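Read the structure below first, then the notes.
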Amino acid sequence: MMIGSKFSKKYHQFLQKIGDLSEGNTGQKISVKKVNDHVHLDRTEIKNALEYLQELGFINIETIGGPFLYGHITITAAGLNKYNKLS
């Protein structure tokens, strides 16, 4: 149970940081590096987190490249809704 709880909390923190950086704008590209400056995940964890959040419809991966495989993301309306519920 504790592993699942920590796993879920990690993704919530990740989405909260994306929501903070988006400033409520679904069109604003957010640097993956900037997100990771606050959440401190390794490359594999970031890749998995971004793909999972995209699969849920909370973000869109906009550019590929850079130190974390993906360069920029945007938050979706569903992602902003979830972000507001988490806050």
Side-chain angles (χ1 to χ4, degrees):
M1 283 280 240
M2 188 170 200
I3 292 172
S5 176
K6 284 185 178 182
F7 183 77
S8 181
K9 184 177 180 180
K10 176 175 62 174
Y11 286 108
H12 286 179
Q13 290 173 338
F14 200 70
L15 185 61
Q16 284 180 312
K17 182 43 66 182
I18 293 168
D20 291 345
L21 293 171
S22 76
E23 298 176 345
N25 182 352
T26 58
Q28 182 171 331
K29 286 187 180 178
I30 303 160
S31 165
V32 173
K33 182 179 180 338
K34 188 177 263 190
V35 175
N36 197 49
D37 286 346
H38 298 279
V39 294
H40 310 291
L41 301 176
D42 68 32
R43 185 174 188 228
T44 302
E45 287 179 307
I46 289 175
K47 176 189 170 297
N48 292 338
L50 293 175
E51 290 172 356
Y52 178 67
L53 292 174
Q54 180 169 285
E55 193 173 300
L56 292 175
F58 294 154
I59 67 163
N60 288 317
I61 296 170
E62 299 293 338
T63 63
I64 297 173
F68 300 107
L69 182 60
Y70 300 116
H72 294 87
I73 56 173
T74 55
I75 194 165
T76 64
L80 282 175
N81 187 35
K82 182 71 170 176
Y83 164 75
N84 289 326
K85 287 180 182 179
L86 294 172
S87 297

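We count residues from 1, following the sequence as given. Note that the structure is predicted; figures quoted are calculated from it, not measured.
Between the E45 side chain and the D42 main chain, a donor and an acceptor come within less than 3.5 Å of each other. Between the side chain of N81 and the backbone N or O of A77, no donor-acceptor pair lies under 3.5 Å. No donor-acceptor distance shorter than 3.5 angstrom exists from the side chain of N60 to the backbone of T74, with no hydrogens or angles considered. Panel note: side chain T26, backbone I75; no donor-acceptor pair is recorded below 3.5 Å. When atom types are taken as modelled, the side chain of N36 and the backbone of V39 share no donor-acceptor pair closer than 3.5 angstrom.
In this structure, OG1 on T76 lies 9.5 Å from CD on Q54, to the nearest 0.5 angstrom. Distance check: N48 CG to E55 CD gives 11.0 Å after rounding to the nearest 0.5 Å. Note that CG of L15 is 14.0 Å distant from NZ of K10, once rounded to the nearest 0.5 Å. Atoms CD and NE2, from Q28 and H72 in turn, are 10.5 Å apart once rounded to the nearest 0.5 Å. N84 CG to Q16 CD: the interatomic distance, rounded to the nearest 0.5 Å, is 10.5 Å. In this structure, the separation between CD on Q13 and NE2 on H40 is 10.5 Å, given to the nearest 0.5 Å.
Inspection of the Y70 and E62 side chains reveals no N or O donor paired with an N or O acceptor under 3.5 Å.
Side-chain contact check for V35 versus L21: some heavy-atom pair is nearer than 4.5 Å. Counting heavy atoms from C-beta on, the side chains of T63 and K29 come closer than 4.5 Å. R43 has its side chain out of reach of K47: every pair of non-hydrogen atoms, C-beta onward, lies at least 4.5 Å apart.
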request  = Show the numbers, then the answer: is there a salt bridge (Lys or Arg N to Asp or Glu O under 4.0 Å) between K17 and D20?
outcome  = CA-CA 5 Å; K17 182 43 66 182; D20 291 345; 3.8 Å; yes
message = Would I18 and L53 count as a side chain to side chain contact (heavy atoms under 4.5 Å, CB included) here? Give the steps.
response = CA-CA 11 Å; I18 293 168; L53 292 174; 4.1 Å; yes
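Put simply, the residue from Y83, Y52, F58 that forms a ring pair (Phe, Tyr, Trp, His ring centres under 6.0 Å) with Y11 is Y52.
What you find for A78 and G57 is that their closest heavy atoms are CB-O, 3.6 Å.
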